[in-house]
Amino acid sequence: MSNEVLEHLVKSYMATPQPVYGFAFQGGEPTLMGYEFYQNVVKYQKEYGKSGSQVANGFQTNGIAITEELAKLFYNYHFLVGVSIDGPPEIHNKYRKTQDGKPTHHMVMGGINILKRHQVEFNILTLVTQANVRRAKQVYRYLKNQHFYYHQYIPCVEWNKDNKLEPYAISGEEWGKFMCDIFDEWVKDDIHRVSIRHFDSVIEYLVYGRYNICQMGKACNTYFVVEANGDVYPCDFFVQDDLKIGNILENTWEELLNSEIFRKFASQKSQYSEICRKCDYLLLCNGDCQKFRGYSDWTRPSSLSSLCSGWKQFYIHALPKLKDIIQTEILNKKNRIY
């Protein structure tokens, strides 16, 4: 991304009315932009932000190219960093290799150690693939033993041109078993110590009736993807020609928000299959991410998510216990008050 595009992006976005101005940097690999790029990011945020504006910066990285100066900047400007790590070395290194096929786990841990030294807030993103889908408990225990207490687990679902799962991708049944195993480890002793994003999001909905992750929501309209040249798309899973909304150098944010392409894409999230409409858990997933429906074909919104069976397995297993946890916490809070 050129400095021209970056400055216009920040300036125009921060001229819109927002409760919090949220920026999320991901890739490819965002560290490849280098330290000066992020210096300019915060410079423009300060220059174009109105007095009292709140800015939230997120950064998703493989952790390999974290430098001391980047970590200092992250700390000084309160970036929340997500680091991808898929488990212990023998699991992580199966798919995450250097260009010449060498393992990367130790490199990621080196990056994490730099973040720790500079007291940067970070969480762990674990991609669930054939390398770890049957080893959920081992992965969870490893992360906890490393004193990583903020986890996010992402299912790897990719299809080939024949609409068959890629060899490294996982099925719905595998995803359900994985999530149940993670839940069983978490619920033993860690409900107050380890934060698992999806469990937190389910509790958020059960207690407050609101969605804090787009996957669970009723519409896909929570953010824009801005590519290096300023092109805008509705979702990082759908950066494709027929979903280009516009370009920030050519269109206003109001025009982008009111785009017919954006409106249609957003509304298709709630065009469920008949099976979804009859499901007891519809309000906890709203048909799941559109990426997992219709084999990534967004023009077939009513298709069933390939993870549906897994989500049902997880909710049947975990929902009663999550509700018990909520009731216990509410009761304990009342007792503390009195």
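Residue numbers start at 1 and run along the sequence shown. The figures here come from the full heavy-atom set of this structure, side chains too, leaving out hydrogens, waters and symmetry mates.
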Distance-only polar pair, side chains of [X] and [Y], donor-acceptor under 3.5 Å:
{"X": "Q18", "Y": "T16", "value": "yes"}
{"X": "Y38", "Y": "K43", "value": "no"}
{"X": "E4", "Y": "S2", "value": "no"}
{"X": "D242", "Y": "Q240", "value": "yes"}

Answer yes or no: is there a side-chain heavy-atom contact under 4.5 Å between [X] and [Y]?
{"X": "Y153", "Y": "W175", "value": "yes"}
{"X": "D200", "Y": "N212", "value": "no"}
{"X": "W253", "Y": "I248", "value": "yes"}
{"X": "L331", "Y": "T328", "value": "no"}
{"X": "F265", "Y": "F238", "value": "yes"}
{"X": "I66", "Y": "F74", "value": "yes"}
{"X": "L80", "Y": "F59", "value": "no"}
{"X": "M179", "Y": "Q313", "value": "no"}

Tell me if a side-chain donor or acceptor on [X] pairs with a main-chain N or O of [Y] at a distance below 3.5 Å.
{"X": "N251", "Y": "N247", "value": "yes"}
{"X": "W186", "Y": "V194", "value": "yes"}
{"X": "E29", "Y": "N62", "value": "yes"}
{"X": "E174", "Y": "S171", "value": "yes"}
{"X": "N160", "Y": "E166", "value": "no"}
{"X": "Q60", "Y": "G82", "value": "yes"}
{"X": "N132", "Y": "T129", "value": "yes"}
{"X": "K269", "Y": "G217", "value": "yes"}

Flag yes if [X] and [Y] sit in one hydrophobic cluster, no otherwise; membership is Ile, Leu, Val, Met, Phe, Trp, Tyr, and two members link when side-chain heavy atoms are under 4.5 Å apart.
{"X": "F262", "Y": "Y223", "value": "no"}
{"X": "V239", "Y": "L9", "value": "no"}
{"X": "I245", "Y": "L249", "value": "yes"}
{"X": "M1", "Y": "Y233", "value": "no"}
{"X": "V10", "Y": "V20", "value": "no"}

Could you tell me whether [X] atom [atom1] has more than 12 heavy atoms of other residues or ligands within 6.0 Å of it?
{"X": "Y77", "atom1": "OH", "answer": "no"}
{"X": "F148", "atom1": "CZ", "answer": "yes"}
{"X": "K116", "atom1": "NZ", "answer": "yes"}
{"X": "D241", "atom1": "CG", "answer": "no"}
{"X": "K50", "atom1": "NZ", "answer": "yes"}

Over all heavy atoms of both residues, which pair between [X] and [Y] is shortest? Give the atoms and the distance, please.
{"X": "A136", "Y": "D181", "result": "CB-CB, 3.7 Å"}
{"X": "S303", "Y": "S273", "result": "C-CB, 4.4 Å"}
{"X": "M14", "Y": "F23", "result": "CG-CZ, 4.2 Å"}
{"X": "S53", "Y": "G49", "result": "OG-C, 4.0 Å"}
{"X": "L70", "Y": "A65", "result": "CD1-O, 4.3 Å"}
{"X": "I261", "Y": "K244", "result": "CD1-O, 3.3 Å"}

Chi angles and distances behind the side chain to side chain contact (heavy atoms under 4.5 Å, CB included) call for C220, Q290: CA-CA 8 Å; C220 293; Q290 290 195 61; 3.3 Å; yes

Ion pair check, [X] and [Y], cut-off under 4.0 Å:
{"X": "R193", "Y": "D189", "value": "no"}
{"X": "R263", "Y": "E260", "value": "yes"}
{"X": "K164", "Y": "E158", "value": "no"}
{"X": "K144", "Y": "D190", "value": "yes"}

For V83 and V81: C-alpha separation, side-chain torsions, deciding distance, then whether side chain to side chain contact (heavy atoms under 4.5 Å, CB included) applies. CA-CA 6 Å; V83 181; V81 178; 4.0 Å; yes

Which atom pairs, one a donor and one an acceptor, fall under 3.5 Å between side chains of residues 117-128 and the rest of the protein, sequence neighbours left out?
unit_1 : atom_1 : unit_2 : atom_2 : d
R117   : NH2    : E68    : OE2    : 2.4
H118   : NE2    : E68    : OE1    : 2.5
T126   : OG1    : I85    : O      : 2.9

Which value, rounded to the nearest 0.5 Å, describes the distance between [X] atom [atom1] and [Y] atom [atom2]?
{"X": "Q215", "Y": "R197", "atom1": "CD", "atom2": "CZ", "answer": "8.5 Å"}
{"X": "S201", "Y": "R210", "atom1": "OG", "atom2": "CZ", "answer": "11.5 Å"}
{"X": "Y150", "Y": "L143", "atom1": "OH", "atom2": "CG", "answer": "14.5 Å"}
{"X": "C285", "Y": "Y211", "atom1": "SG", "atom2": "OH", "answer": "9.0 Å"}

Can you tell me which residue pairs pass the ring-ring contact (aromatic ring centres under 6.0 Å, His included) test with a partner in residues 80-116, sequence neighbours excluded? H92-H105, H105-Y142

Suppose we screen for side-chain contact (heavy atoms from CB on, under 4.5 Å). Which residues come up paired with E47, at least two apart in sequence or across chains? Y44

Take Q152 and I154, measure what side chain to side chain contact (heavy atoms under 4.5 Å, CB included) needs, and give me the verdict at the end. CA-CA 7 Å; Q152 183 178 352; I154 303 294; 3.3 Å; yes

Check whether the ring centres of F199 and F183 lie less than 6.0 Å apart, and answer yes or no.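 Yes, ring centres under 6.0 Å apart.
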
Verify salt bridge (Lys or Arg N to Asp or Glu O under 4.0 Å) between D86 and R96, making sure each step is shown before the conclusion. CA-CA 9 Å; D86 295 342; R96 296 191 184 269; 2.7 Å; yes

Check the angle between the aromatic planes of Y140 and H151 and answer parallel, tilted or perpendicular using the 30° and 60° thresholds.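 The arrangement is perpendicular - the two ring planes meet at more than 60°.
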
Does E185 form a side chain to side chain contact (heavy atoms under 4.5 Å, CB included) with R141? I'd like the steps, not just the answer. CA-CA 8 Å; E185 286 297 300; R141 291 168 186 164; 2.9 Å; yes

Can you list the steps and then say if K188 with D184 is a salt bridge (Lys or Arg N to Asp or Glu O under 4.0 Å)? CA-CA 7 Å; K188 288 178 188 174; D184 288 345; over 6 Å; no

Take D236 and Q26 through the side chain to side chain donor-acceptor pair (under 3.5 Å) test and state the conclusion after the steps. CA-CA 10 Å; D236 52 315; Q26 56 185 67; 3.0 Å; yes

